Asks: 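Mind having a look at this structure? Questions to follow.
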Amino acid sequence: MEQLKLEPITQVNGTVLLPGSKSLSNRILLLAALSKGTTQVDNLLDSDDIRYMLGALKELGVEVTLSEDKTTAIVQGVDGLFKQPSKPLFLGNAGTAFRPLTAALCAIEGNYELTGEPRMEERPIGHLVDALADLNADVKCLKNEGYPPLNISGKKLEGGEVSIDGSISSQFLTALLMAAPLFKRDTKITIIGELVSKPYIDITLDVMSRFGICVQNNNYESFVVKSGQQYSSPGRIMVEGDASSASYFMAAAAINGGTIEIKGVGRKSVQGDIGFANVMEQVGAQVQWFDEKIVVSKGDLKGVDIDANEIPDAAMTLATVALFSEGKTAIRNIYNWRVKETDRLYAMATELRKVGAEVIEGEDFIEITPPVRINFTDIDTYNDHRIAMCFSMVAVGGHPIIINDPKCVDKTFPSYFDTLASISCA
Ligand SMILES: O=C(O)C1=C[C@@H](OP(=O)(O)O)[C@@H](O)[C@H](O)C1
Ligand SMILES: C=C(OP(=O)(O)O)C(=O)O
């Protein structure tokens, strides 16, 4: 197994240009493909999750031309008509590819098989499959009920009234919303249970509106998509920087700046994870907000107690900021950490204990008390990019650490360790 030893970092300083957002990149690629017309996508993320979406679209007959550095894409929209693929669509462990494609393909003539990595087969999709079945879609779980892989016989769907459980993943609602303009009639989607990860729905609605679709949002309790609307290309669209990726640099600056200027997201961002900057302020960092950048400097850090339901990805970064904060840090209302790239509550608790922290792992929360002395150890990353990036904070805090399987960062941020090195003083 490959390992990366990170040496203690004395201080972080400088400027980071963020790669494009994963959530925006995959939504935009799918909607550009479904649209009438050609779309130029700028600042596309080049990472595993996006490659899986691009690979699937290619197999579905969508022509996409990428620039040499793969950050500009020209997508020829097929106006809702895909080609019959010759093989299963392999979508890795990319939730933002798997869930939206599932719903869209149910509504487009053809026979499709959607597969993924072993972990994808453990990540639930039953709430989405149930809602699609209620809409009369023909979708079957091929191994275990409620889990990928799936077989779909796509056909024109009527639409109408449907309910969906929103308590495990917002990606199911995102998938239904993005498919709804393909249905024949008006569609009303009612949410059952507490909707998690709400700000991701704002991203979905924002991107849909850029592609000409208006959705009525009734206080996140129900959504109406009127028929007669068609996806149409905005011509050119820019992917803003990834706010979840920004969290590592905000945290690094908070722990051991200097000052870091993070370019690509700011107060105008559509991504909820930008809220991590508020959390860093609460922890004690100094934060300056601009429209399209954030500047963060070191402060005296103290533990906080937060409800992180709206920022599940960025909140992981707080778990390692906790190592350098005075007192206890509590991160609550994060049950769905358990169904992501790995069981993140278990993984975080286990690895934080290895560096010496005292940890309470609850069903849907984690409490972290920092150690007096940080242990030198290796960190297992569970094929989870965010565990690898989060634990680089140990080096930022001035302690050596070994990251096992560092290439797992390729899921969303292949150049992460180089970018960190570029702002680090040894
Ligand atoms: O819609 C999206 O782009 C995402 C939604 C979130 O998932 P859940 O809604 O499953 O929490 C987030 O964790 C994931 O990384 C991206
Ligand atoms: C949960 C994540 O990914 P996915 O889009 O596969 O759900 C993530 O990137 O943290």
Side-chain angles (χ1 to χ4, degrees), residues 19-31 45 47-53 91-103 116-117 119-128 148 164-178 191 193-208 220 239-240 242-248 270-273 275-276 308-317 319 333-345 347-348 364 381-390 408-414 416:
S21 147
K22 168 197 76 167
S23 295
L24 284 162
S25 292
N26 270 351
R27 283 168 173 76
I28 288 172
L29 285 174
L30 179 59
L31 298 197
L45 174 62
S47 80
D48 285 352
D49 278 11
I50 311 310
R51 272 195 304 109
Y52 290 123
M53 176 62 94
L91 301 168
N93 193 9
T96 55
F98 205 106
R99 280 76 183 261
L101 276 168
T102 294
E117 288 172 13
R119 175 62 183 169
M120 190 49 110
E121 298 188 0
E122 295 171 356
R123 297 183 67 185
I125 196 165
H127 293 160
L128 177 59
I164 188 159
D165 191 319
S167 63
I168 287 290
S169 172
S170 70
Q171 291 179 1
F172 306 149
L173 172 59
T174 281
L176 265 193
L177 284 166
M178 295 207 295
I191 311 305
E194 193 69 23
L195 177 61
V196 291
S197 306
K198 234 184 233 168
Y200 287 95
I201 299 305
D202 297 334
I203 301 181
T204 303
L205 300 185
D206 183 77
V207 176
M208 287 176 73
Y220 302 91
V239 177
E240 67 176 45
D242 194 301
S244 317
S245 299
S247 72
Y248 310 108
V270 294
Q271 300 166 72
D273 269 4
F276 190 71
N309 194 273
E310 297 205 340
I311 55 163
D313 293 359
M316 288 176 74
T317 314
N333 205 4
I334 46 167
Y335 171 78
N336 82 356
W337 274 23
R338 294 200 183 276
V339 293
K340 299 203 181 236
E341 279 74 340
T342 184
D343 178 342
R344 287 175 164 173
L345 271 160
M348 264 297 172
D364 69 347
T381 49
Y382 308 76
N383 208 14
D384 185 341
H385 53 142
R386 298 202 193 281
I387 303 269
M389 295 189 278
C390 284
C408 63
V409 301
D410 288 358
K411 187 174 192 283
T412 55
F413 200 164
Y416 175 71

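Small disclaimer: the values here were computed from a predicted structure and weren't measured. One-based numbering, in listed order, for ligands and for the atoms of each.
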Asks: Non-hydrogen atoms of V196 versus ligand 1: any pair closer than 4.0 Å?
Replies: no

Asks: Would one find an N or O of S170, backbone or side chain, under 3.5 Å from an N or O of ligand 1?
Replies: yes

Asks: Considering only non-hydrogen protein atoms, determine which one is nearest to atom 10 (O) of ligand 2 and report residue, atom name and distance to 0.1 Å.
Replies: R386 NE, 2.6 Å

Asks: If you take the nearest heavy atom of each of R119, E341, R99, which one is closest to atom 3 (O) of ligand 2?
Replies: E341

Asks: Go through ligand 1 atom by atom and flag the ones less than 4.0 Å from a non-hydrogen atom of S23.
Replies: 2 (C), 3 (O), 16 (C)

Asks: If you count the atoms of ligand 1 from 1 in the order shown, which ones are under 4.0 Å from a heavy atom of S169?
Replies: 8 (P), 9 (O), 10 (O)

Asks: Give yes if a backbone or side-chain nitrogen or oxygen of R27 is under 3.5 Å from a nitrogen or oxygen of ligand 1, and no if not.
Replies: yes

Asks: Suppose we measure from atom 8 (P) of ligand 1 to each protein heavy atom; which comes out shortest, and what is that distance?
Replies: K340 NZ, 3.2 Å

Asks: What is the closest protein heavy atom to atom 7 (O) of ligand 2, and at what distance does it sit?
Replies: R123 NH2, 2.7 Å

Asks: Mind checking whether K22 has an N or O less than 3.5 Å away from an N or O of ligand 1?
Replies: yes

Asks: Looking only at distance, does D313 have an N or O less than 3.5 Å from an N or O of ligand 1?
Replies: yes

Asks: Between the side chains of R344 and D313, is the shortest nitrogen-to-carboxylate-oxygen separation below 4.0 Å, so that they form an ion pair?
Replies: yes

Asks: Show me which atoms of ligand 1 lie under 4.0 Å from any heavy atom of S197.
Replies: 8 (P), 9 (O), 11 (O)

Asks: Could you list which atoms of ligand 2 come closer than 4.0 Å to a heavy atom of Q171?
Replies: 4 (P), 5 (O), 7 (O)

Asks: Specify the protein heavy atom at minimum distance from atom 9 (O) of ligand 2: its residue, its atom name, and the distance to 0.1 Å.
Replies: K22 NZ, 2.7 Å

